[in-house]
Amino acid sequence: MASVRRLLDGYVREGILLDKATVTLYEDIQEFWIAERDEDAQVIGCGALHVMWEDLAEVRTLAVDHSVKGAGVGHQVLDKLLQTAGWLGVRRVFCLTFEVDFFAKHGFVEIGETPVDGDVYSELLRSYDEGVAEFLGLERVKPNTLGNSRMLLHL
């Protein structure tokens, strides 16, 4: 987990990713796919798929080591996350991102509002997960998400 923490910390300092407590990373480890360099098993990428509802999941914490940016690692990790969504029966995948062009290459489109109906919205409000609060666009998390784009992919 220390290598994932180091990878994420750079993006947190740049204001690209929201900081997550290390305990949260451990709690969510089953949601992650990790990319390692073949020759030395160094972590060079990661991403998580968080299922939010029966047909909706969010891509979270997608990051690539700066030394391998442009080599396709992020695309491979995202492809694996989308494949996992398909295995789980998820039909819509959401992300909140500054990397609009990257996600658009995978079919994500920008959206304006939270793509759930009122009943699901009410249920999601009951979640303690900060990522769900970001997804819902709650006022208490808006300062953390200013400038991000909401994007959605229909599988």
Side-chain angles (χ1 to χ4, degrees), residues 1-111 124 127-138 140-155:
M1 187 55 66
S3 350
V4 171
R5 171 85 274 157
R6 279 192 299 276
L7 177 62
L8 300 179
D9 284 347
Y11 286 97
V12 170
R13 282 191 299 275
E14 294 171 33
I16 294 172
L17 287 178
L18 295 176
D19 195 11
K20 289 188 177 200
T22 302
V23 68
T24 302
L25 295 174
Y26 277 107
E27 290 171 346
D28 297 341
I29 194 65
Q30 72 280 356
E31 298 178 349
F32 275 83
W33 283 95
I34 306 295
E36 296 179 337
R37 189 168 35 218
D38 287 337
E39 57 269 14
D40 60 6
Q42 177 183 337
V43 172
I44 55 172
C46 68
L49 183 75
H50 181 77
V51 177
M52 302 174 81
W53 200 249
E54 64 183 306
D55 67 337
L56 180 68
E58 180 183 8
V59 169
R60 293 182 173 179
T61 322
L62 183 59
V64 173
D65 189 291
H66 288 293
S67 69
V68 295
K69 269 199 154 184
V73 173
H75 292 286
Q76 291 175 347
V77 172
L78 181 56
D79 286 342
K80 196 63 168 176
L81 296 172
L82 296 177
Q83 183 181 39
T84 302
W87 291 336
L88 296 172
V90 170
R91 295 292 164 239
R92 297 179 300 156
V93 180
F94 168 82
C95 68
L96 188 59
T97 185
F98 291 108
E99 301 295 334
V100 172
D101 293 339
F102 171 82
F103 282 96
K105 289 177 184 173
H106 291 267
F108 284 78
V109 295
E110 289 188 71
I111 59 171
L124 291 176
S127 173
Y128 293 104
D129 186 295
E130 283 298 300
V132 172
E134 293 163 10
F135 170 75
L136 296 175
L138 301 181
R140 67 182 166 84
V141 295
K142 285 201 176 178
N144 293 329
T145 59
L146 290 176
N148 285 355
S149 294
R150 295 171 166 276
M151 299 186 80
L152 186 68
L153 171 69
H154 290 272
L155 297 177

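Residues take their numbers from the sequence shown, with the count starting at 1. Everything numeric here is computed off the predicted structure, so don't read it as measured data.
- At a threshold of 4.5 Å between non-hydrogen side-chain atoms, the residues V59 and V93 count as touching.
- Counting only distance, with no hydrogens or angles, the side chain of T84 and the backbone of K80 share a donor-acceptor pair below 3.5 Å.
- Here the side chains of L152 and C95 are not in contact, with every heavy-atom distance at 4.5 Å or above.
- The existence of a salt bridge linking R37 and D40 is confirmed by a sub-4.0 Å separation between a basic side-chain nitrogen and an acidic carboxylate oxygen.
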Worksheet item: Passes side chain to side chain contact (heavy atoms under 4.5 Å, CB included), D9 versus R13? Steps please.
Response: CA-CA 6 Å; D9 284 347; R13 282 191 299 275; 3.7 Å; yes
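- When side chains are defined from C-beta on, L62 counts as touching V77, because their heavy atoms get closer than 4.5 Å.
- Here E14 contributes atom CD and F98 contributes atom CZ; the two are 11.0 Å apart, rounded to the nearest 0.5 Å.
- Using a 4.5 Å cut-off on side-chain heavy atoms (C-beta onward), M151 and T97 make contact.
- Put simply, the side chain of L153 reaches to within 4.5 Å of the side chain of L82, judged on heavy atoms.
- Atom-to-atom distance recorded for L8:CG and S3:OG is 10.5 Å, nearest 0.5 angstrom.
- For the atom pair CG (L7) and CD (Q42), the distance works out to 9.0 Å, reported to the nearest 0.5 Å.
- The two atoms that bring V4 and C46 nearest to each other are CG1-SG, 4.2 Å, heavy atoms only.
- Atoms NE2 and CZ, from H75 and F102 in turn, are 5.0 Å apart once rounded to the nearest 0.5 Å.
- Note on D55 versus R92: salt bridge recorded, some NZ/NE/NH1/NH2 to OD/OE distance being below 4.0 Å.
- A donor-acceptor pair shorter than 3.5 Å cannot be found between the side chains of E58 and H50.
- Contact annotation: the side chain of V12 never approaches that of L18 to less than 4.5 Å [non-hydrogen atoms, C-beta and beyond].
- What you find for S149 and V100 is that their closest heavy atoms are OG-CG2, 3.3 Å.
- A salt bridge links R5 and D19; the closest N-O separation between the charged side-chain nitrogens and carboxylate oxygens is under 4.0 Å.
- A heavy-atom distance below 4.5 Å is found between the side chains of L49 and L88.
- Of all heavy-atom pairs spanning T22 and M1, the tightest one is CG2-CG, 4.5 Å.
- Rounding to the nearest 0.5 angstrom, the gap separating the NZ atom in K105 from the CG atom in D101 is 6.5 Å.
- A distance of 10.0 Å separates CG of L56 from CD of E54, quoted to the nearest 0.5 Å.
- Within the structure, ring-ring contact (aromatic ring centres under 6.0 Å, His included) pairs that include any residue of residues 7-39 comprise Y11-H66 (at least two apart or interchain).
- When side chains are defined from C-beta on, D65 does not count as touching V43, because their heavy atoms never get closer than 4.5 Å.
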